[in-house]
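Values reported hereafter were calculated over all heavy atoms of this structure, with side chains retained and with hydrogens, waters and symmetry mates removed.
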Amino acid sequence: MKIYGFNSYGGPEVEEFLDVPEPVLRPGTVLIETVAVGVNPADIKVRSGARQAGFPVEFPMAMGREAAGIVVDSWRSPKSEEFAAARVRPGQPIPPAFPVGATVFGSCAEGVGALGERTLLEESSVAGAVSGLSLERAACIPVAVGTAFDAVSELDIGHGENVVVLGAGGGVGIHAAQFAAMAGACVFGVASEEKKDFVELRGVRHVPSGPGLAERVSEAVRNVSGPSRVDALIDCVGGDALRELAALVERSAGGNGRSRRIRSLADKETVAEVGGSGVRRRRTSEVFGDIAERARRRDFEISLSDVIPFGNAHDAMRVVEGGHARGKIVVTFPKGETPYLAEGSDVE
């Protein structure tokens, strides 16, 4: 089968289409025929080698970590030798398998990438497709949308709080801003001027990025709520911008008095320095299914910037690596575009 991936760490020059064997089903996995793949900045870090310490790669490696598609086989299938060997006690209930032909989405199994004609998903993360939600959008849930959901849940954002999202125009930021607004917060989204309309259309107060950011955020908050109090910060950018805005966030009571309600998806070192932390992910079928149902009900919008055919996967990676996408970039496979992606397939 064909994948779009890399055979060694490096820059864009190591990316290529490769012919590789089909992934081998193993315990705890589901094999799918890929229909749609979400592309994320983290995929670039994996390719560059920046995540070697915590992210296993098996060359040749397909890019991408989230996918939606059609079940080809499952380790719980009656014919699976791995499943038969895993049965410990006779008569123990056997959880139902995802039937062949079912449409599902989830996170890729360890050491396996998403941008291939077939891929393996972690069974514990797999959720069934929801009627009324296209697989293009479902494919964005495991990484970008799920991370945003976890960040807002972890910060326990509530009604009337002032929340700042740094990098609100990107794939994680635009969804974090929507989830915070759903919780009743007043949300201020930091993004470039080019993304102003994109951010504001989702009920977020836009604050332009660039020098003098903290002053602009303080002014925006004062204009809405009086005191320039920032209750929580979700960061998708890192660096000096994170450090600058962290100073506006109220310190939490108790402990050593240094902790703040700050979560960063981009800069572990700086967020620890300013009293925040990263996001603890919940990659489970239940969480992903909950998010999909919320999207189906139109509680929030899974925002797509562009949908790009697999044959042009290189272009998708360049858009993401350039950092200027509004929302999510999704790669689709020709066999799925017409029958499975017809509903809700519009993009920004």
Do [X] and [Y] have side chains that approach each other closer than 4.5 Å (heavy atoms only, starting at C-beta)?
| X | Y | result |
| --- | --- | --- |
| K195 | H206 | no |
| I3 | E117 | no |
| V319 | D306 | no |
| V190 | L245 | yes |
| F188 | V230 | no |
| R282 | F288 | no |
| I32 | T119 | yes |
| V130 | E293 | yes |

Is there a donor-acceptor contact under 3.5 Å from the side chain of [X] to the main chain of [Y]?
| X | Y | value |
| --- | --- | --- |
| Q178 | R202 | no |
| T29 | R26 | yes |
| N40 | D43 | no |
| R118 | L31 | no |
| H175 | S303 | yes |
| R283 | G106 | no |
| R47 | G10 | yes |
| T34 | G116 | yes |
| K268 | S277 | no |
| E286 | T284 | no |

Closest contact, heavy atoms only, [X] versus [Y]:
| X | Y | answer |
| --- | --- | --- |
| A36 | L135 | CB-O, 3.6 Å |
| K2 | F310 | O-CZ, 4.0 Å |
| L115 | F333 | C-CZ, 4.2 Å |
| G113 | C108 | C-SG, 3.8 Å |
| V199 | A191 | CG2-CB, 4.1 Å |
| L213 | E244 | N-OE2, 3.3 Å |

task = Would you please test V46 and M63 for side-chain contact (heavy atoms from CB on, under 4.5 Å) and show each step?
result = CA-CA 8 Å; V46 172; M63 300 190 73; over 6 Å; no
Distance check, rounded to the nearest 0.5 Å: [X] atom [atom1] versus [Y] atom [atom2]?
| X | Y | atom1 | atom2 | value |
| --- | --- | --- | --- | --- |
| L304 | E136 | CG | CD | 6.0 Å |
| K45 | F55 | NZ | CZ | 13.0 Å |
| E66 | L121 | CD | CG | 11.0 Å |
| L242 | L265 | CG | CG | 10.5 Å |
| R261 | L233 | CZ | CG | 11.0 Å |
| E161 | H159 | CD | NE2 | 10.5 Å |

Would you kindly confirm whether [X] and [Y] end up in one hydrophobic cluster when ILVMFWY residues are joined by side chain heavy atoms under 4.5 Å apart?
| X | Y | result |
| --- | --- | --- |
| V143 | I44 | no |
| V145 | V279 | no |
| F149 | L155 | yes |
| V287 | M182 | yes |
| L18 | F6 | no |

request  = Using ring pair (Phe, Tyr, Trp, His ring centres under 6.0 Å) as the criterion, list what pairs up with Y9, not counting sequence neighbours.
outcome  =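 Ring pair (Phe, Tyr, Trp, His ring centres under 6.0 Å) check on Y9 returns F59.
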query = Does H314 NE2 have over 12 foreign heavy atoms under 6.0 Å away?
reply = yes
Can you tell whether the side chains of [X] and [Y] come within less than 4.0 Å, N to carboxylate O?
| X | Y | result |
| --- | --- | --- |
| E15 | R318 | yes |
| D240 | R243 | yes |
| R294 | D290 | yes |
| R263 | E154 | yes |

key: Residue pair S124 / E122, side-chain donor-acceptor N/O under 3.5 Å   = no
inquiry  = Under a 3.5 Å threshold, yes or no: a donor from one side chain and an acceptor from the other, between R65 and S107?
reply    =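 The criterion, which ignores hydrogens and geometry beyond distance, is not satisfied for S107 and R65.
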ask   = Quick one: side chain to side chain donor-acceptor pair (under 3.5 Å) pairs with a partner in residues 214-226, sequence neighbours left out?
value =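 Sorted result for residues 214-226: N162-S225.
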message = Quick one, V221 with L248, criterion side-chain contact (heavy atoms from CB on, under 4.5 Å). Give me CA distance, side-chain angles, the key distance, then yes/no.
response = CA-CA 11 Å; V221 174; L248 303 179; over 6 Å; no
task = Specify whether F300 and F179 have parallel, tilted or perpendicular ring planes, treating 30° as the upper limit for parallel and 60° as the lower limit for perpendicular.
result = tilted
